A.B. asks: 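Here you go, one structure.
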Amino acid sequence: MEQARAALAERIAERRSGGDDPRALVGEMRRSVLLVPMADGGLWSVRSGGVRWICGFTDEAALARFALRHAPGDRPMDYAALLGARIVDELVPALGEPAGLAVDIATEDGSMFFPPVVGIVPDAVAVDTGAAGEGPRS
């Protein structure tokens, strides 16, 4: 499992340096297990730019960088280990608002955002189809 997490971090680094195929990056995200912090009985997320971002981390070191800034006091931060595909295919649509996945947001020059667009989230909740929030299509 550590190897899969490292593979996503490597793909992110490649993409940020201008290389790699974006579709390969999305595929790697979907296959990777991400560590998602828990808060108030749910998944930790943040709203920015009209989008709710579920925050996931590729490994415990990346999660620890985040926890240093956001964990309450000196208590450990609870987290769930979730497959990227489950986050974007099941959890994002269940939120009922534009939502995406933010990976490794506390890693300088190592974060990546997967916005709520076609090819990342289901078409019915993608903001670039005109169908988001309209309910099922006929």
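Because the structure is a prediction, the values reported are computed rather than measured.
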A.B. asks: Quick check: do Y79 and W44 have side-chain heavy atoms less than 4.5 Å from each other?
C.D. replies: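 Answer no - side chains too far apart.
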
A.B. asks: If I compare all heavy atoms of M38 with all of L43, which pair ends up nearest, and what's the gap?
C.D. replies: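 Scanning both residues, the minimum pair turns out to be SD-CD2, 3.5 Å.
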
A.B. asks: So, do L34 and F57 sit near enough that their side-chain heavy atoms are less than 4.5 Å apart?
C.D. replies: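 No, side chains not in contact.
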
A.B. asks: Could you state the interatomic distance from CZ (R15) to CG (D21), rounded to the nearest 0.5 Å?
C.D. replies: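 Between atom CZ of R15 and atom CG of D21 there are 8.0 Å.
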
A.B. asks: Could you give the distance from SG (C55) to CG (L35), rounded to the nearest 0.5 Å?
C.D. replies: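 If we round to the nearest 0.5 Å, C55:SG and L35:CG are 12.5 Å apart.
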
A.B. asks: Side-chain contact, heavy-atom cut-off 4.5 Å: I54 with V46?
C.D. replies: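 No, their side chains stay 4.5 Å or more apart.
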
A.B. asks: Would you say the side chain of V125 lies within less than 4.5 Å of the side chain of P122, judging by non-hydrogen atoms?
C.D. replies: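 In contact.
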
A.B. asks: For residues 103-120, dump all side-chain donor-acceptor pairs below 3.5 Å to protein atoms at least two apart in sequence or in another chain.
C.D. replies:
from: D104; atom 1: OD1; to: T58; atom 2: N; distance (Å): 2.8
from: D104; atom 1: OD1; to: T58; atom 2: OG1; distance (Å): 3.4
from: D104; atom 1: OD2; to: T58; atom 2: OG1; distance (Å): 2.7
from: T107; atom 1: OG1; to: R65; atom 2: NE; distance (Å): 3.3
from: T107; atom 1: OG1; to: R65; atom 2: NH2; distance (Å): 2.9

A.B. asks: Show me the donor-acceptor pairs within less than 3.5 Å that the side chains of residues 80-102 make with the rest of the protein, sequence neighbours left out.
C.D. replies:
from: R86; atom 1: NE; to: E90; atom 2: OE1; distance (Å): 3.1
from: D89; atom 1: OD1; to: R30; atom 2: NH1; distance (Å): 3.1
from: D89; atom 1: OD2; to: R30; atom 2: NH1; distance (Å): 3.4
from: D89; atom 1: OD2; to: R30; atom 2: NH2; distance (Å): 2.5
from: E97; atom 1: OE1; to: R47; atom 2: NE; distance (Å): 3.2
from: E97; atom 1: OE2; to: R47; atom 2: NH2; distance (Å): 2.9
from: E97; atom 1: OE2; to: R52; atom 2: NH1; distance (Å): 3.2

